[in-house]
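Throughout, numbering of the chain's residues begins at 1 and tracks the sequence.
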Amino acid sequence: MAVEAPEIRKAIIGVLEDLVDGDELDNLKDDVPFREQLELDSMDMLDVVLGLRKLYSLPIPEADYPQLQTMNSTIEYLLPLLNKQD
């Protein structure tokens, strides 16, 4: 069964909820970097990556971390990887 973008978005929100107050996620813009919107530092961003790796049992090489800066770019990155696993 294919994984779809809304499902991935919900999972990303779940990972972010471990780092910030849920109220901050209500107005999350999909095209603005997480760091900018949520005042995340580099360790927080690493926690996001590690959370996604754990959640999806997926290797995410360090070279790909820049692709996980916004909601849109993270979904675009994960979508083909998750659907390839099926």
Side-chain angles (χ1 to χ4, degrees):
M1 189 162 122
V3 179
E4 296 185 11
E7 183 181 341
I8 296 172
R9 187 179 199 288
K10 187 176 178 181
I12 295 167
I13 295 286
V15 170
L16 291 169
E17 283 176 336
D18 291 339
L19 301 172
V20 298
D21 181 32
D23 293 340
E24 293 183 55
L25 300 173
D26 291 341
N27 299 315
L28 193 64
K29 295 181 180 91
D30 289 352
D31 58 346
V32 178
F34 296 129
R35 289 180 78 158
E36 208 174 288
Q37 295 184 77
L38 304 172
E39 298 180 19
L40 301 179
D41 61 23
S42 55
M43 289 305 294
D44 292 329
M45 285 305 299
L46 184 59
D47 287 340
V48 170
V49 173
L50 295 176
L52 293 170
R53 284 172 63 170
K54 182 178 179 183
L55 181 66
Y56 289 117
S57 300
L58 191 69
I60 301 174
E62 189 172 346
D64 291 352
Y65 291 3
Q67 295 180 58
L68 308 175
Q69 299 303 310
T70 69
M71 181 63 75
N72 284 342
S73 67
T74 303
I75 291 170
E76 287 172 19
Y77 176 81
L78 290 173
L79 202 55
L81 293 175
L82 294 173
N83 285 318
K84 187 168 61 171
Q85 283 185 337
D86 287 348

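- Annotation: side-chain contact (heavy atoms from CB on, under 4.5 Å) contacts of Glu7 (sequence neighbours excluded): Val3.
- With sequence neighbours excluded, the residues forming a side-chain contact (heavy atoms from CB on, under 4.5 Å) with Asp30 are Arg9, Met71, Asn72, listed by chain and number.
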All N/O donor-acceptor pairs, side-chain side in residues 39-53, below 3.5 Å, sequence neighbours left out:
residue : atom : partner : partner atom : Å
Asp41   : OD1  : Met43   : N            : 3.0
Asp41   : OD1  : Asp44   : N            : 2.8
Asp44   : OD2  : Asp41   : N            : 3.2

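- The two residues Lys29 and Gln37 make their nearest non-hydrogen contact at N-OE1, 2.7 Å.
- Every residue two or more places apart in sequence or in another chain that forms a side-chain contact (heavy atoms from CB on, under 4.5 Å) with Pro61 is listed here: Asp64, Tyr77.
- The shortest non-hydrogen separation linking Ala5 to Ile75 is CB-CG2, 3.7 Å.
- With sequence neighbours excluded, no residue forms a side chain to side chain donor-acceptor pair (under 3.5 Å) with Thr74.
- Leu81 is connected to Ile60 through a chain of hydrophobic side-chain contacts under 4.5 Å among Ile, Leu, Val, Met, Phe, Trp and Tyr, so both are in one cluster.
- A pairwise comparison of heavy atoms in Gln69 and Pro66 identifies CG-O, 2.9 Å as the closest pair.
- We find the CG-CD1 distance between Asn83 and Ile8 to be 6.5 Å, quoted to the nearest 0.5 Å.
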Taking distance alone, no hydrogens or angles, what donor-acceptor pairs closer than 3.5 Å link side-chain atoms of residues 12-28 to residues at least two apart or in another chain?
none

